[in-house]
Amino acid sequence: MTEDRTNIVAVGHKDHGKSTLIGRLLHDTGSLPTNEMPDSLTGSSEATVDLAHLTDHLSEERRGGLTIDTTQAFIRKGDKIIVLVDVPGHKRFLGNMLTGACQAEDGLLVLDVTEGVQDQTMRHLSLLALVGISRASVAINKMDLTGFDESAYRQASEVVGRLFQDKGIRLMSCVPISAMYGDNVVTRSARTPWYEGPSLFDSLSTQASRSTASFPFRFSVQGTYELKGQQLALGRVEVGQVVANSDALCLPSAVNVRLGRLRKFEEDLSVALPGSAIAVQVEGDKAVERGDVLCDPANPAVATSKVGARVFWLGKTPLQKNAKYTLCCTTQEIEATVTRIRRRINSSTLDVLETDAESVPYAEIGNIELETDRPVVLDCFSSVPPLGRLVLEDEHTVVGAGIVTDT
Ligand code: GDP
């Protein structure tokens, strides 16, 4: 059995209601184990308690060596699973947001209808666009404060529509909600008779069915173990579909391997879709290790030590030519030297400020060339987006994030 699942990064100006919305989604879909629900919430969708604190109970996760904490809220209803990638409020800053965005395929912007678009909203959208999130939904929140006024919703959604167009992000849906009271979050509300679209959950889960499954597959190996003489690789299907009993190319070693059974918990799968964490039986002599990427042999990724990238710089000290950073892509962490800064770019206007620069300061973009100490496995962002994103770290701190432009 396969699941219909997608990763969505939630962004929004502070206090626009992101945490409350995530709490509401978890609550109204019954995605939380009951023992994690406060008494005041069980049985009442009209509850006005602080839903935001529900998300505080969720475990923070370290993923693939990215040292920034993000929270993943698993929201389930029927066979649909939405993974909302969020950044805990007290730690919310650009680096976290970028790291969150690098784990997601789609975006969700939460906007307070009474406050509208803020400077920070624009910055968030630029950053989403930079890491290749090309589509997003919008939750126009706190509609209760306007008495569910249609014109307030229309006004906000028009501004958002123009903004998305400017940033080149496709607006998937714009849903008038009250995270606090649950209107249009999981079920349609009678208080917005003028709104004919789907609830936010339905809209996000439809958005989710865009298939990263149609790409050639990439399976990133997070660890391996042996069971009864069989080699099992544990990891995540980053993109494409992994099929049981099929051939694969293991990179960077470029050794052909045969995949046997696919296991998820106790279940055998015939096919695993993007986002699934599974164990794959790898037959043959090749010892697969953490950091390896198993690829579609007909259309594999690239194993290279030269990478061209466009990165948004977040480091307190500027990115320097000839400096060394840790390049992180999927589960790989590889030392890399900046050999050239082709261009330094203003992140708001996208104007080129300098060619062949020596450094890139905080909050600017650099088109750079990197040389890695050993081959890294990746794709150009334009061909296979999930394998075309990277993060740069310095001393275990995220200092840059962006996309692979050429190899
Ligand atoms: P975040 O910073 O975006 O995570 O915002 P929070 O979820 O912490 O919400 C900020 C404040 O707005 C809190 O006081 C919430 O109770 C309130 N809030 C959130 N959603 C709604 C809503 O739909 N209606 C109203 N009236 N208040 C809301």
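In each ligand, atom 1 is the first atom listed, and ligand 1 is the first ligand listed.
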The atoms of ligand 1 lying under 4.0 Å from a heavy atom of K14, numbered in the order shown, are 2 (O)
Pairs flagged by side chain to side chain donor-acceptor pair (under 3.5 Å) wherever residues 304-319 is involved - sequence neighbours left out: K306-E371
Per-atom filter on ligand 1: closer than 4.0 angstrom to a heavy atom of T20 are 6 (P), 7 (O), 9 (O), 15 (C), 19 (C), 20 (N)
Would you call K324 and D394 a salt bridge, taking side-chain N to carboxylate O under 4.0 Å as the test? no
How does H13 reach ligand 1, by side chain, by backbone, by both or by neither, if only non-hydrogen atoms under 4.0 Å count? backbone
Can we say R218 and E238 salt-bridge, meaning some charged N sits less than 4.0 Å from an Asp/Glu carboxylate O? no
Please tell me whether S173 and S137 have a donor and an acceptor in their side chains that are separated by less than 3.5 angstrom. yes
Can you list the ligand 1 atoms lying under 4.0 Å from a non-hydrogen atom of D144? 22 (C), 23 (O), 24 (N), 25 (C), 26 (N)
Would you say the ring centers of W194 and Y153 fall short of 6.0 Å from each other? yes
Heteroatom distance test (S19, ligand 1): nitrogen or oxygen, under 3.5 angstrom: yes
Atoms of ligand 1, numbered as shown, that sit under 4.0 Å from any heavy atom of D15: 1 (P), 2 (O), 3 (O), 5 (O), 10 (C), 12 (O)
Per-residue contact class, D112 against ligand 1 - non-hydrogen pairs under 4.0 Å: neither
Rounded to the nearest 0.5 Å, how far does CD of E369 lie from OG1 of T339? 5.0 Å
Looking only at N/O atoms, are L145 and ligand 1 under 3.5 Å apart anywhere? no
Test your reading of the structure: does I177 have an N or O sitting under 3.5 Å from an N or O of ligand 1? no
Under 4.0 Å, heavy atoms only, figure out whether ligand 1 is touched by the backbone of K18, its side chain, both or neither. both
By side chain to side chain donor-acceptor pair (under 3.5 Å) - contacts of T29 (at least two apart): S31
